[in-house]
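Below you'll find the structure, written out as structure tokens, and then a few comments.
Starting from 1, each residue takes its place in the sequence as its number.
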Amino acid sequence: MMSVKFEMSPTWKRDLNEMVQDALRDVAADYQKMFDRLGLQYKGRPIPEIKAALRHELSQLGGTISDVELTDYATLISEGTHIKIQVER
């Protein structure tokens with residue numbers, strides 16, 4: 001028979017939170033690059049065209065979005081509004 005001893009670090013909650021925050025910042029950076037690129041490429045373009053491109057880009061990143069949100073973001077992109085992704089603590 002084999003026994004295993006497992007001890008939790010006293011700071012495990014803080015350490016886990018830091019790892020999660022780092023991962024969220026990485027995801028946010030990927031989304032920010034996507035929105036920046038689409039903003040440059042699709043400013044002034046028709047909403048349906050932007051929605052299709054945005055839906056495709058989001059799916060490439062593993063994301064999903066409602067049609068209402070998709071329309072909102074596509075409208076902002078068409079208008080030339082800068083979209084900033086932020087991770088809150």
Side-chain angles (χ1 to χ4, degrees):
M1 182 190 262
M2 187 182 193
S3 69
V4 177
K5 184 176 180 181
F6 181 77
E7 287 186 40
M8 295 289 288
S9 163
T11 61
W12 74 271
K13 285 183 183 180
R14 184 191 70 211
D15 297 341
L16 178 61
N17 186 48
E18 287 176 14
M19 287 189 288
V20 169
Q21 288 295 317
D22 288 344
L24 287 173
R25 279 190 286 275
D26 289 345
V27 170
D30 290 341
Y31 275 70
Q32 188 64 59
K33 289 176 193 171
M34 177 202 63
F35 278 116
D36 290 348
R37 186 177 60 254
L38 292 175
L40 291 172
Q41 186 175 354
Y42 287 95
K43 179 180 177 181
R45 305 296 302 166
I47 304 296
E49 180 182 344
I50 299 169
K51 285 174 67 172
L54 183 54
R55 183 179 288 116
H56 173 74
E57 292 287 330
L58 286 169
S59 71
Q60 295 295 104
L61 293 173
T64 59
I65 190 170
S66 72
D67 192 63
V68 171
E69 291 174 307
L70 192 63
T71 300
D72 290 344
Y73 283 119
T75 301
L76 291 171
I77 290 168
S78 181
E79 293 170 347
T81 303
H82 181 258
I83 298 170
K84 178 146 177 67
I85 303 298
Q86 293 180 298
V87 176
E88 296 182 10
R89 287 195 145 235

(message) With clusters defined by side-chain heavy atoms of hydrophobic residues (ILVMFWY) lying less than 4.5 Å apart, directly or transitively, does V68 cluster with L76?
(response) no

Inset, instruction - State whether the side chain of T11 and the backbone N or O of R14 hold a donor-acceptor pair below 3.5 Å, judged by distance alone. - result: no

Worksheet item: Can you get from L61 to I50 by hopping between Ile, Leu, Val, Met, Phe, Trp and Tyr side chains that sit under 4.5 Å apart?
Response: yes

query: For residues S78 and K43, is any side-chain donor paired with an opposing acceptor at under 3.5 Å?
result: no

May I ask you to test the L54-Y42 pair for a side-chain heavy-atom distance under 4.5 Å? no

Rounded to the nearest 0.5 Å, the CD atom of E69 sits from the CG atom of L58 at a distance of 9.5 Å

- Query: Does D22 pair with R25 as a salt bridge, N-O distance under 4.0 Å?
  - Reply: yes

Residues I85 and Q32: closest non-hydrogen pair is N-OE1, 2.6 Å

Here the gap from T64 atom OG1 to L70 atom CG, rounded to the nearest 0.5 Å, amounts to 11.0 Å

Tightest non-hydrogen contact, residues I47 and A74, listed as CD1-O, 3.7 Å

| Mind checking whether M8 and L16 sit in one hydrophobic cluster, side chains of I, L, V, M, F, W, Y counted as touching below 4.5 Å? | yes

Quiz item: Between V87 and M34, is there a shared hydrophobic cluster once you connect ILVMFWY residues whose side-chain heavy atoms come closer than 4.5 Å?
Solution: no

Heavy-atom closest pair (R37 atom, E57 atom, distance to 0.1 Å) is NH2-OE1, 2.5 Å

Looking only at heavy atoms, the pair that brings G39 and I77 closest together is CA-CG2, 4.0 Å

Residue set satisfying ring pair (Phe, Tyr, Trp, His ring centres under 6.0 Å) with F35, at least two apart, ordered chain then number -> Y73

_Heavy-atom side-chain contact between R55 and D67 under 4.5 Å_ = yes

- State whether the number of non-hydrogen atoms from other residues, nucleotides or ligands found under 6.0 Å of R45 atom CZ is greater than 12. no

Exercise. Test E49 against K51 for salt bridge (charged side-chain N to carboxylate O under 4.0 Å, His left out), laying out the working first.
Key: CA-CA 5 Å; E49 180 182 344; K51 285 174 67 172; over 6 Å; no

Please determine whether residues W12 and V20 belong to a single hydrophobic cluster, defined as Ile, Leu, Val, Met, Phe, Trp and Tyr linked transitively by side-chain heavy-atom distances below 4.5 Å.
yes

CG of L40 to NE2 of H82, rounded to nearest 0.5 Å, is 8.5 Å

